[in-house]
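The structure under discussion appears below in the form of structure tokens.
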Amino acid sequence: MQTLGFFFYIGLLFILYTSSFSIALTKIQYPVTRRWLTTLRQKDPNPDHVPDELKVEVDPILKFDNPRIKNAYCALHEWKKAMISDPYNMTGNWVGPDVCSYFGVGCVQALDDPRILTVAVVDLNFGDISGQLVPHLGLLTDLGILHLHSNRFCGIIPKTISRLPLLFELDLSNNRFSGLFPTPVLELPSLRFLDIRFNEFEGLLPPALFDKDLDAIIVNNNRFYSHLPKNMGNSPASTLVLSNNKFSGCIPRSFAQMPNIEQVSFSNNRLTGCLPDGLESLKYLLVLDVSKNYFVGTLPRSLESLKTIAKLDFSNNQLTGKVHDSICSLPALWNLTIISNFFDEIGGECEKLSKHKLVLEDADNCISRKSNQRPQKDCLQVLSHPIDCKTAGCQPRDPSILKHIKKKTPQLPTVQVHSPPPPMVTPHSTPKPPPVPQPPPARIFKNLPP
Ligand SMILES: *[C@@H]1O[C@H](CO)[C@@H](O)[C@H](O)[C@H]1NC(C)=O
Ligand SMILES: *[C@@H]1O[C@H](CO)[C@@H](O)[C@H](O)[C@H]1NC(C)=O
């Protein structure tokens with residue numbers, strides 16, 4: 001396994017912010033080979049070609065190192081024109097033909113021509129810049145990393161972004177982008193890491209997202225709704241964060257086939273039905289968070305085969321039945337949260353959990369010998385209408401059953417629509433990892449093409 005971790009770049013970018021940058025960045029590793037690039041470029045044999053609609057007049061006095069640097073100059077200057085506010089003056093030194101010396105811009109040797117330097121990284125994280133992205137960004141044909149976390153960019157993602165054959169990390173998180181899922185990103189052939197959390201995207205997640213070779217899919221805190229695509233299991237992602245949207249329907253059965261999944265959060269949506277069974281194949285799963293939904297039925301028995309699981313959060317659902325010893329004694333488990341469900345029994349091993357510095361949070365259930373539980377009549381009301389997961393389908397529970405139960409059942413999820421305020425950091429400090437990752441994205445890239 002080749003690791004091309006995000007943290008590696010954080011390290012590089014730290015150097016960027018403190019000293020000479022172009023030296024540090026000579027270490028950038030695209031997750032693509034020259035041969036792969038050659039294949040990609042067979043479609044578009046001249047990487048320097050500029051389509052008419054992206055042509056820009058440039059002062060003839062300016063002398064550029066090579067045509068791609070000139071294209072980058074056009075892209076960055078058209079973009080700068082579309083910026084309305086730059087409170088930290090991040091683009092203040094975006095002047096003149098030497099784009100490699102611009103703040104937040106990193107150059108390395110071109111993958112297909114080691115004799116020339118081209119723009120490989122644009123990192124304006126925590127810039128608090130307002131404005132829009134422009135189609136001319138499609139001229140940055142050697143861009144591998146675009147980090148725009150915590151800015152105020154709005155509007156849509158230009159279609160021309162799909163012209164970036166090498167882009168493998170795209171972080172647009174905590175901005176004000178809106179509209180439907182940005183489908184141009186699905187056409188990025190090298191993309192491995194997609195983070196669009198904390199924006200205002202809405203509508204459906206396209207099934208093609210789960211057919212792409214992505215290692216991280218992070219879309220939490222948007223306004224996505226409707227059912228999750230049935231082909232979810234095709235995704236080789238290790239991190240999938242869907243929380244704080246308005247997804248409805250069941251978790252697709254194919255979820256249990258996700259070959260590399262390590263961290264997954266479905267939290268705070270409107271998901272219904274039973275939890276999927278057949279989880280034996282999830283060999284690397286560390287975190288499973290299904291909290292704050294409308295799941296019903298009993299826990300799937302296959303949970304007991306999750307030998308690597310460290311954190312299970314079932315809280316704030318309508319789950320029933322027993323929490324078995326076989327779950328509580330899972331070897332890596334250290335935090336099991338079942339608060340606010342209708343479980344009526346927990347195994348003896350579960351009781352021991354909290355004693356071994358493991359955490360079991362079990363309030364607001366129907367466990368008769370415990371004190372902090374729901375009123376008996378609420379429990380009777382729900383437990384006298386058991387749900388058979390073999391036949392239950394994806395319908396929510398008959399609302400009349402829950403009508404009189406106060407407060408303990410989840411309210412309609414409130415979706416956070418406003419991004420958290422940008423952290424108060426100056427551009428010259430080390431970029432911090434983005435806030436509120438639930439769970440934190442694993443930025444280790446697996447499954448790279450040879
Ligand atoms: C922004 O940065 C540029 C270049 O570093 C500098 O010349 C300019 O005075 C700065 N502007 C403000 C408002 O600080
Ligand atoms: C366990 O997980 C719950 C729910 O995610 C969280 O609220 C709690 O703080 C965690 N406990 C510990 C000790 O980390």
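Both ligands and their constituent atoms are indexed starting at 1 by order of listing. These numbers were taken from a predicted model, which means no experiment stands behind them. Only heavy atoms go into these numbers, but all of them, side chains included; no hydrogens, no water, no symmetry mates.
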(request) Taking side-chain contact (heavy atoms from CB on, under 4.5 Å) as the test, write out the residues that go with Cys379, two or more places apart. (result) Cys366, Arg374, Leu383
(request) Fit a plane to each ring of Phe224 and Phe201, take the angle between them on a 0 to 90° scale, and name the class: parallel (under 30°), tilted (30 to 60°) or perpendicular (over 60°). (result) parallel
(request) Decide if the gap between the ring center of Phe64 and the ring center of Tyr73 is smaller than 6.0 angstrom. (result) yes
(request) Number the atoms of ligand 2 from 1 as they appear, then name those within less than 4.0 Å of a heavy atom of Trp334, with their elements. (result) 12 (C), 14 (O)
(request) Tell me which part of Phe314 gets within contact of ligand 2: side chain, backbone, both or neither, using heavy atoms under 4.0 Å. (result) neither
(request) Please step through side chain to side chain donor-acceptor pair (under 3.5 Å) for the pair Ser267 and Ser291, ending with a clear verdict. (result) CA-CA 5 Å; Ser267 177; Ser291 63; 2.9 Å; yes
(message) Pair His149, Phe126 - check ring-ring contact (aromatic ring centres under 6.0 Å, His included), show working.
(response) CA-CA 6 Å; His149 170 74; Phe126 299 107; 4.8 Å; yes
(message) Does Asn260 form a side chain to side chain donor-acceptor pair (under 3.5 Å) with Ser238? I'd like the steps, not just the answer.
(response) CA-CA 5 Å; Asn260 306 311; Ser238 64; over 6 Å; no
(message) Any protein heavy atom at under 4.0 Å, with atom 11 (N) of ligand 1 as the reference point?
(response) yes
(message) Quiz question for you: does at least one protein heavy atom lie closer than 4.0 Å to atom 7 (O) of ligand 1?
(response) no
(request) Evaluate the criterion side chain to side chain donor-acceptor pair (under 3.5 Å) for residue pair Ser85 and Arg152; output intermediate values, then yes/no. (result) CA-CA 9 Å; Ser85 159; Arg152 292 176 287 154; 2.9 Å; yes
(request) Among all protein heavy atoms, pick the one closest to atom 2 (O) of ligand 1 and tell me residue, atom and distance. (result) Asn89 ND2, 2.3 Å
(request) Within a distance under 4.0 Å of any heavy atom of Val359, pick out the atoms of ligand 2 and give their elements. (result) 13 (C)
(request) Would you mind running through ligand 2 and noting each atom that sits below 4.0 Å from a heavy atom of Thr337? (result) 1 (C), 2 (O), 3 (C), 4 (C)
(message) Can you name the atoms of ligand 2, numbered from 1 with element, that are less than 4.0 Å from a heavy atom of Asp313?
(response) 4 (C), 5 (O)
(message) Quick check: Asn93 and ligand 1, any N/O pair under 3.5 Å apart?
(response) no
